[in-house]
Amino acid sequence: MSKAKGKSKGRAKTTASAAAPRSTSTDAPTGSPPVSDRLAPGQLKAQIEAAVEGARIEVVLNPAVPGQSSLVVDPAHAVAVARFLRDAEDLKLDYCSNVTGVDWPDSVVEEKVVHPERVEGGERTVEETIRHRHPGYLEVVYHLYSIPLRHGPVILRQRTANRVDDTRVASLTPVYRSAEFQEREVYDLYGVHFTGHPDPRRILMWPEFEDHPMRKDYVEPDDYEYEPTPNAEVLGKARRHYPMEGTE
Amino acid sequence: MVVTARNFVGSYYDPDRLPTIEYPEKRQKLPENSRSFPMLIFDGEDPEAGLRCVACKICEKECPPQCIYIVAERDSRGRAVRHPKIFDLDISVCMACQICVEVCPFDSIKMDTAFEMAGRDRFGAMLLHKSELAKSDAYFHSIHPSEAVGSDARVEHIKKPAGRSQAAPAEATRKAA
Amino acid sequence: MSKVTPFPGQAESGGGADQAPGGMQYEVSRRPGVTDEDEVLEVAVGPHHPSTHGVFRMDVKLDGERIVSLKPVLGYLHRNHEKLGEQTSYLGMMPYTDRLDYFCSLTNNWAYAIAVEKLAGLQVPERAEYIRIITGELTRLFNHACLVGFLLHDMGTMGTPLMYAFREREKVLDLFESLTGARMMCNYQRFGGCRNDLPDGWLDEVSKLVAEFPRWLDEMEQLLTGNEILIARTEGVGVLSPELAVSAGVTGPSLRASGVNYDLRKVDRYGIYDRFQFRVPLGEKGDVFDRYMVRVLEMRESVGILQQAIRDLPGGPVIDPRARQRNFMPPVGEAYGRIEAPKGELGFYLISDGSRRPSRFRVRAPSFVNLTILEDLCLGHTLADAVAILGAVDIVLGEVDR
Ligand code: SF4
Ligand code: SF4
């Protein structure tokens with residue numbers, strides 16, 4: 001803003017007049033994302049755990065955007081937590097903007113540990129590689145905002161037990177109607193099952209479709225019509241599918 | 001009704017109210033920034049020798065729908081030469097996004113503005129080869145004048161040191177021209 | 001003009017199943033043993049119906065003329081845009097966002113750029129912010145103009161308002177072409193700014209258009225607002241209560257037509273919207289007419305924003321010189337960036353693992369979420385009203401199906 005002031009008088013004036021209501025307005029925190037103390041994840045965690053009995057909340061910090069850290073909530077209490085967030089006087093997070101799935105496949109993290117080992121006659125350091133296997137899971141992310149208080153986002157996450165056979169989480173559609181289609185989409189593309197969803201059908205893919213195309217391990221079909229193309233990757237796939245075609 | 005009538009009658013008298021033109025006979029001037037599909041620029045007279053492209057394959061890698069296919073020329077000892085042997089562009093896949101133009105460090109690939117393209121063949125004719133893609137620098141000047149001036153300056157700058165080694169033929173043609 | 005009800009049986013809620021659209025009465029003869037249940041007629045509206053704005057189907061169950069159930073069927077245009085996002089570099093995804101809501105490619109670019117800028121902590125130069133606002137508001141202008149045209153077209157005006165709207169849109173698209181190179185698939189915003197600076201004389205063209213636009217708007221209003229047929233077809237049709245609108249995540253003009261004051265340009269003040277003075281028009285009843293009116297008023301506000309932006313446009317660079325476009329690798333983390341696109345809240349949710357490609361690329365499309373309440377709006381209305389309701393919800397199938 002100071003830059004604009006240096007340029008011309010007229011502009012400086014308009015900038016100042018436009019900025020005037022900003023300083024007096026109390027309805028919205030400025031800047032994006034607006035982070036008010038009420039929405040600090042630690043604060044929220046304590047508040048939720050006090051209000052919803054038995055709820056286990058885990059805070060996941062977001063290194064890139066500090067205002068968008070999230071709370072992982074266990075599926076058993078997710079609906080109660082969401083209801084609390086929606087109805088609490090000082091939160092009023094009544095608008096669920098975005099619902100989406102994330103696939104975290106199994107990962108192996110290698111860690112090198114150096115530790116001293118006692119051998120006969122002294123000590124020496126041994127380097128050891130430990131492999132941590134992190135089992136994968138599917139995650140559903142909800143971005144909540146408040147329309148009357150104009151704050152947000154509060155990010156809720158629910159995690160499934162694994163990626164294969166126990167992919168259930170609780171549906172928040174009874175609390176937020178906007179989750180209806182978006183949860184259907186998450187089910188469609190990721191295969192997360194939402195317990196309590198009123199209409200759990202596929203939405204984008206056709207009903208007979210079997211796989212879940214947004215999963216990281218989804219293999220695309222290669223049964224498309226072969227068209228001459230310079231793209232080596234497509235060409236290779238087409239050749240695998242039509243072994244007779246396209247000899248160099 | 002009044003509004004409709006005013007627009008109808010007005011279109012006979014006021015050229016501002018007549019939004020259409022009789023297309024094949026009259027043409028609108030295309031804005032300078034307009035773009036259709038990529039083309040390869042060559043300097044001088046010979047489209048083969050003067051090609052600015054050095055087959056660095058950056059555009060091939062960056063093109064979002066992967067419609068560029070490049071094979072670098074090899075010299076007698078099998079080393080890659082800074083010249084494309086094959087440069088194919090599938091314009092049935094290309095979405096005219098201009099990303100190849102932005103990433104090309106050699107100002108070699110630029111956007112054409114020709115939009116009246118039709119062919120009888122759905123496949124072969126849509127796959128443009130190097131010879132069809134090559135357009136002269138003069139043509140580039142005629143369609144994107146201000147952009148061309150800047151790119152010429154950069155090309156001079158880049159090609160000078162490189163001219164001694166592999167891009168010698170290109171350099172020679174430009175001198176001759 | 002005398003006060004006639006133009007379409008009995010459609011405009012009046014009194015017309016029942018037994019009344020033909022012409023107002024004629026006819027006897028209902030029912031074979032013995034046929035119950036009310038059997039009389040329900042299932043109609044698939046679409047996927048190639050002209051008033052579904054694309055390939056979109058509504059499975060409607062009709063009891064006579066009344067809708068008793070309506071299920072939107074989507075996915076005909078589904079190309080897994082989000083998967084593409086995970087396979088393409090950050091820059092390479094920018095042209096694909098043009099193809100979401102192919103009417104408003106510049107605002108799509110903007111939303112994506114905002115999400116990435118949040119993720120990477122990039123600063124946008126002032127001039128670029130102004131250019132973004134100018135292009136964004138121009139997009140809003142012609143999107144709303146065309147929406148009004150389409151809405152009227154759906155209700156049977158055979159194209160006159162639509163053609164007028166398209167004529168205005170054409171002028172804006174010409175401007176976009178001379179700025180970005182393409183009329184619809186602009187691919188113009190970049191991380192940390194805009195791709196190129198304004199061409200010579202562009203701003204004058206914009207001011208000319210902005211100066212003329214209110215004239216066109218007056219003409220349009222003279223033609224439409226207050227038109228008895230329009231009022232009869234839209235008033236009291238598809239009423240959306242503010243409570244349902246908020247809970248169902250309806251955003252954009254549809255939400256504000258229900259009287260909820262929530263405009264991200266005011267709430268988030270993304271970009272430099274806090275420097276502009278404009279009002280947020282709100283509806284009272286939340287019916288189709290309010291949705292039409294809110295859009296008309298928003299166009300007038302947009303004209304005001306454009307005038308301020310043209311007046312104040314500063315000089316300087318249009319892109320952050322530190323921003324890398326090629327091999328762009330933001331730090332590990334996630335970001336949700338949203339803007340007030342003409343159709344509602346357009347959000348991009350990105351998770352970065354620090355590589356050249358996002359590990360999750362999600363588009364929160366306003367058209368898609370706004371469809372959630374389509375059934376609620378249509379129940380009890382006639383099929384002809386459903387078409388008007390769908391028209392006023394304002395969907396673009398490129399964005400619904402992604
Ligand atoms: S066109 Fe440019 S980027 Fe592409 S290979 Fe040639 S020199 Fe490299
Ligand atoms: S314009 Fe875009 S799609 Fe076409 S070749 Fe260049 S990068 Fe690829």
Side-chain angles (χ1 to χ4, degrees), chain A residues 1 3-4 7-8 10-11 14-15 17-19 21-22 27-28 30-34 62-65 68 70 86 94-104 141 143 145 147-148 150 152-153 155 175-182 185 188-189 199 202-206 213-214 216 218 220, chain C residues 71-75 78 80 82-83 86 114 118-121 126 244 246-251 255 260-262 266-272 274-277 308 311-312 314-316 330-338 345 347 349 351-352 359-360 362 364 368-369 371-373 376 401-402:
Chain A
M1 210 168 278
K3 233 193 259 168
K7 290 260 154 60
S8 86
R11 195 174 304 127
T14 50
T15 319
S17 65
R22 177 184 175 183
D27 54 1
T30 50
S32 53
N62 179 0
V65 188
Q68 298 190 352
S70 43
R86 185 190 64 181
D94 52 353
Y95 164 45
C96 171
S97 159
N98 181 35
V99 182
T100 186
V102 185
D103 183 9
W104 300 101
V141 187
H143 285 79
Y145 286 87
I147 287 186
R150 297 192 165 194
I155 305 172
V175 188
Y176 299 110
R177 186 64 201 286
S178 61
E180 182 183 341
F181 276 22
Q182 303 195 62
E185 186 190 334
D188 191 355
L189 302 181
D199 187 17
R202 282 185 179 271
I203 188 163
L204 292 173
M205 308 303 283
W206 54 102
M214 279 298 288
K216 296 273 183 201
Y218 173 75
E220 300 169 38
Chain C
K71 296 280 172 219
V73 182
L74 335 165
H78 177 59
N80 226 344
E82 295 174 5
K83 190 89 176 176
E86 293 173 8
I114 278 197
K118 250 183 204 170
L119 193 57
E126 201 158 308
L244 180 61
V246 169
S247 159
V250 176
T251 41
L255 175 70
V260 182
N261 185 355
Y262 196 70
K266 289 275 191 201
V267 176
D268 277 11
R269 299 163 185 234
Y270 59 92
I272 46 165
D274 49 356
R275 297 190 198 169
F276 291 86
Q277 278 172 330
Q308 295 171 41
R311 190 189 58 204
D312 296 348
V332 180
E334 59 171 58
Y336 180 62
R338 53 180 199 160
E345 173 186 326
Y349 175 60
I351 299 183
S352 157
S359 88
R360 176 77 176 103
R362 151 86 183 165
R364 190 264 185 213
F368 177 70
V369 183
L371 274 182
T372 314
I373 38 91
D376 304 61
D401 295 345
R402 277 156 298 148

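Chain letters run A, B, ... following the sequence lines, proteins first, then strands; residues in each count from 1.
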Toward chain A, the part of [X] with a non-hydrogen atom under 4.5 Å:
X: C/E86; answer: side chain
X: C/I114; answer: neither
X: C/N80; answer: side chain
X: C/S352; answer: neither
X: C/V73; answer: neither
X: C/I351; answer: side chain

Notebook entry, point to check: Do the side chain of C/S247 and the main chain of A/R177 share a donor and acceptor less than 3.5 angstrom apart?
Noted result: yes

Note to self: Between C/R362 and A/V99 (side chain of the first, backbone of the second, donor and acceptor by atom type, cut-off under 3.5 Å), is there such a pair?
What the structure shows: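 Yes.
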
Spatial distance of atom [atom1] ([X]) from atom [atom2] ([Y]) [nearest 0.5 Å]:
X: C/E345; Y: A/S178; atom1: CD; atom2: OG; answer: 10.0 Å
X: A/K216; Y: C/R360; atom1: NZ; atom2: CZ; answer: 8.0 Å
X: A/H143; Y: C/R338; atom1: NE2; atom2: CZ; answer: 10.0 Å
X: A/N98; Y: C/Y349; atom1: CG; atom2: OH; answer: 8.0 Å
X: C/L74; Y: A/R202; atom1: CG; atom2: CZ; answer: 14.0 Å

Note to self: Out of A/G101, A/P213, A/S70, A/S97, return the one with the most heavy atom pairs under 4.5 angstrom to chain C.
What the structure shows: A/S97

Note to self: Which atoms of A/V175 are under 4.5 Å from chain C, going by heavy atoms: the side chain, the backbone, both sets, or neither?
What the structure shows: backbone

Against chain A, work out which of [options] has the most heavy-atom pairs shorter than 4.5 Å and name it.
options: C/G333, C/A248, C/G75; result: C/A248
options: C/N261, C/L244, C/I373; result: C/N261
options: C/D401, C/V369, C/T372; result: C/T372

Notebook entry, point to check: Does C/Y262 have its ring centroid less than 6.0 Å away from the ring centroid of A/Y95?
Noted result: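 Ring centroids of C/Y262 and A/Y95 are less than 6.0 Å from each other.
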
Item checked: Whether C/F368 and A/F181 hold their rings parallel, tilted or perpendicular, with breakpoints at 30° and 60° -> tilted

Notebook entry, point to check: Are the side chains of C/H78 and A/D188 in touch, meaning some heavy atoms are under 4.5 Å apart?
Noted result: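 When only atoms from C-beta onward are counted, A/D188 and C/H78 do not touch, as no gap falls below 4.5 Å.
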
Margin query: Contact between C/L371 and A/E180 at the side-chain level, heavy atoms closer than 4.5 Å - yes or no?
Written below: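 C/L371 does not reach A/E180 side chain to side chain.
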
